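A short write-up of the structure that comes next.
No experiment lies behind these values; they were computed from the predicted model shown.
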Amino acid sequence: MGKLGKKARKFAKKNLQSVLKRKRKIKSTFKKKASKKDQRDAAENEEENAELSARRNSENGDIEDMSLEAIFSEDESDEDEGDVDVDDSGSDGYLSEDSNCLPIAESEIHLGENGAAGKPSAQNQEILLELENKKKKLSRLKAKDPGFSKFLESHDKGLKSFRNENAYSDEDERSDDGMQSMDEDGPHLYLNKLLTSSAINSWCHLVKEQHNASAFISLLNAYRAACHYGAESTGILGSGSGAPILDCETFCKILMFVLREADDVFREMLGISSNCKRDTILGLKNNSKWKTVRPLIKSYLRSTLFMLNQATDSEILAFSLNRLRTSIVFFAAFPLLIRRLIKIGVHLWATGEETVSFHSFLILQDVASGFSSDCFDLCLIKMYKAFIGHCKFAEPALFKHLQFLRNSFVELCSQDLLRSSNKAKVSINNLSRILQLGLQTKKKEAVKKICSWQYANCIDLWVTYISHCIHDYDLQPLLYIIIQIINGMATLFPGPRYLPLRRKCIEWLNHLSSSSGIFIPVTSLVLDVLEYKVSKEVGKPGKDFNFSSAVKLPKHWLKSRNFREDCVFSAIELLSAHFAQWSYHISFPELATIPLIHLRKFQEKSDVESLRRVVKRFIDVVEQNIEFVKKKRDEVAFSPNDQQSVEAFLQLEKCSGNTPFTQYYRSVMEKAASRSLIMNENKSFLEQKKQKRKRGQNIVDVRANGEKVPEKSKVDQAVSVNDGK
């Protein structure tokens, strides 16, 4: 065979299997073995790459998964268990009224510390072993002789039926005796017997005058029937399992008497004072009196909680909460009822009217301060979730209620600053993560979540908390994080449509600065408001718009004349608040220099005379204050390094508050308050007008069609007549 040509040799080198096999062999021999250090570095690099990829995936994940409410976890299983009491699982909730059978609080089986049965004695262990051996022998006999097992089962059924007959006959005799003794001894509540006003009056008299225990038990059963009215109703004002109540007067008498007198009766029966603490109640557990009174207290507390969960009348709720608060110490003996109380209290605090919400908060405050730290954590978490859930939408009518919820939550947090600061840190870090995701991705979902009332109210909540508690606890780390979040919000939404949100951000920073005494620069954020470009085609004056009810302006508002005025007034108000805090500081002249330069430029460019006058007035007052501070500064002899003397500078003048700038700031705030008040009044008047027009249109449409007026229109007419009265 002749020699291969050049092309054939090339092809053989590249494609023949033998050549490729030889190349792989040579490569493997010359390949260096990696050292242990290189292997470790490679593993670390792989872990870092995995973490980075996971972080990127989380950042690029759905923003909706990051919820403001779901950051705190609570044991829901315990909460569900708290709604069902073990002792009452097989009962209807009514107390036994047999005078011969006192209510037994504890079962005959003695329980250990954790609720488990105590260890049996040596004698009991022997008996149990004998029983087990007998059972084993019987099971062996059944397996060997099936006929014998059938014989045993037939005899066992006969014995059971005989025992049941005897038991029923004994119960009938006992019930007959009980009925006779009750009729002879005094009034008692029988199931399915009509409760009348005269019977209730006689029981109340026996309880107050003679301290009759059986009459009090009857009243508690009647109170339970009244509290469950409507939930299990089958007859006349009553419940299916209890005694029906004759009329509303009887219903009110039962509720009022038991709510007023039950706490005093319980304390008298136990022999404790009105100001006893939780430890006193826990110390009564081994007392014979407690075993008798415990079921009565539990029945009263459970019935009251059930009524609070079902009632809708604000007066009944407020009175019941007020009376339940006096008996709050008895909840120490019933841990499951405490969880139910917190759940109902938080619901009424968040959704109730003014008085109901206030009394609910007082109960929650007593529970958080008087019981364990777990109760404080549970109250704090549930109140936070309720607040976040109710501040998604802000209406002018709800502002006052939201402010109360915010302030009361902060007051509860101030009871235990260590625990509340940990919860605040978790929530603020969650706000920071959401903002970082919005700044990095600029996705529509992230921006929408940040520019929302829920996010803004959450920041407002923690700003209020930090401002209120910063002097009592070290909250500096939280202060710096919340300042960064607020600045990030202001930079994320720089446009003119976000003027209300920017204004809130500056107000929060001013509030934090005044409460902490730390200088927070806000002049650049304020001066940006004056730089908003207003379209040259300025339309008609827009309708009155309340900035406190929006985080974003509608597009048509930017073309109205009022928008330019609002920008200038907002800038003057915010700068006045910022300067008022530092108007007595030794460095005020340097602080006000750059803002004055920008304001003079704006004054020269502005073509609206009314706005120029407002800005000119502000510039003049600030210049007067600069001259005042400079004059006082020239008179002092200390150096700028003397920190104590710098802090004491002009403190006497600050206490008097008679300087021109302080008086100017007061007038600016008064005008702003009156302007917002007039705006709210005009808005409510316009809403009433719209409602009247709608009613009139409905009536005209109905008459034009020749049809009868529907029920809805009749209701509207009745409402309008009542409004006119």
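- Between the side chains of S420 and Y465, at least one donor N or O sits under 3.5 Å from an acceptor N or O.
- W290 places a side-chain heavy atom less than 4.5 Å from the side chain of I297.
- The shortest side-chain heavy-atom distance between F251 and M256 does not fall under the 4.5 Å cut-off.
- A donor-acceptor contact shorter than 3.5 Å links the side chain of N457 to the backbone of C391.
- Within a 6.0 Å sphere centred on CD of Q415, heavy atoms belonging to other residues, nucleotides or ligands number more than 12.
- The only member of L324, D313, T355, L259 that meets side chain to side chain contact (heavy atoms under 4.5 Å, CB included) when paired with F319 is L259.
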Q) Between D377 and R419, is a side chain to side chain contact (heavy atoms under 4.5 Å, CB included) present by the stated rule, with each step listed? A) CA-CA 8 Å; D377 287 341; R419 288 180 170 273; 2.5 Å; yes
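- Between C276 and I272, the shortest heavy-atom contact is SG-CD1, 3.8 Å.
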Q) What's the verdict on side chain to side chain contact (heavy atoms under 4.5 Å, CB included) for D264 and K208, showing C-alpha distance, side-chain angles and the deciding distance? A) CA-CA 10 Å; D264 294 335; K208 288 197 79 171; over 6 Å; no
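- Inspection of the S372 and D374 side chains reveals no N or O donor paired with an N or O acceptor under 3.5 Å.
- Counting heavy atoms from C-beta on, the side chains of T280 and S273 never come closer than 4.5 Å.
- Atom CD of E353 has 12 or fewer heavy atoms from other residues, nucleotides or ligands within 6.0 Å.
- The number of heavy-atom neighbours closer than 6.0 Å to NE2 of H347, taken from other residues, nucleotides and ligands shown, is 12 or below.
- No side-chain heavy atom of K385 sits under 4.5 Å from any side-chain heavy atom of V346.
- The side chain to side chain contact (heavy atoms under 4.5 Å, CB included) with R340 is formed by just one residue from the set L305, L308, L301; it is L305.
- At least one side-chain heavy atom of W349 sits less than 4.5 Å from a side-chain heavy atom of F361.
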Q: Verify side chain to side chain contact (heavy atoms under 4.5 Å, CB included) between L206 and F216, making sure each step is shown before the conclusion.
A: CA-CA 8 Å; L206 286 171; F216 183 60; over 6 Å; no
Q.
Using the rule given for side chain to side chain donor-acceptor pair (under 3.5 Å), can you reason through R224 versus S299, listing the C-alpha separation, both sets of side-chain angles and the distance that settles it, and then say yes or no?
A. CA-CA 8 Å; R224 194 230 180 237; S299 174; over 6 Å; no
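- Summarising the geometry, atom OG belonging to S320 is positioned 7.0 Å from atom CG belonging to L255; distances are rounded to the nearest 0.5 Å.
- Here SG of C413 is found 5.0 Å from CH2 of W462. Values are rounded to the nearest 0.5 Å.
- Within the model, atoms OG of S408 and CG of L364 stand 9.0 Å from one another, a figure rounded to the nearest 0.5 Å.
- Between V356 and S314, the closest heavy-atom pair is CG2-O, 3.5 Å.
- For the residue pair L219 and V258, the shortest heavy atom distance occurs at O-CG2, 4.1 Å.
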Q: Show your working on side chain to side chain contact (heavy atoms under 4.5 Å, CB included) between N407 and E411 and close with a plain yes or no.
A: CA-CA 6 Å; N407 295 336; E411 189 173 344; over 6 Å; no
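- In this view, D472 and L417 satisfy the side-chain contact (heavy atoms from CB on, under 4.5 Å) rule, not counting sequence neighbours.
- H390 places a side-chain N or O within donor-acceptor distance of the main-chain N or O of A386, the cut-off being under 3.5 Å.
- Atom CD1 of I381 sits about 11.5 Å away from atom OG of S427, to the nearest 0.5 Å.
- Of all the heavy atoms in K253 and I200, the pair that sits closest is CB-CG2, 4.2 Å.
- Contact of the K277 side chain with the V329 side chain is not registered, since no non-hydrogen atoms from C-beta on lie closer than 4.5 Å.
- Classification of D263 and R323 as a salt-bridged pair fails, no side-chain N sitting under 4.0 Å from a carboxylate O.
- Under the ring pair (Phe, Tyr, Trp, His ring centres under 6.0 Å) criterion, Y300 pairs with Y223, F266, not counting sequence neighbours.
- Closest of all the heavy-atom pairs between G352 and S357 is O-CB, 4.1 Å.
- Between F358 and F404, the two ring planes are tilted [angle within 30° to 60°].
- Using a 4.5 Å cut-off on side-chain heavy atoms (C-beta onward), F331 and V367 make no contact.
- The aromatic rings of W453 and F399 are tilted relative to each other, their planes meeting at an angle between 30° and 60°.
- Taking all atoms of both residues into account, the shortest heavy-atom contact from L461 to Y384 is CD2-CD1, 4.0 Å.
- Within the 4.5 Å cutoff, no side-chain heavy atoms of R325 are placed close to those of H359.
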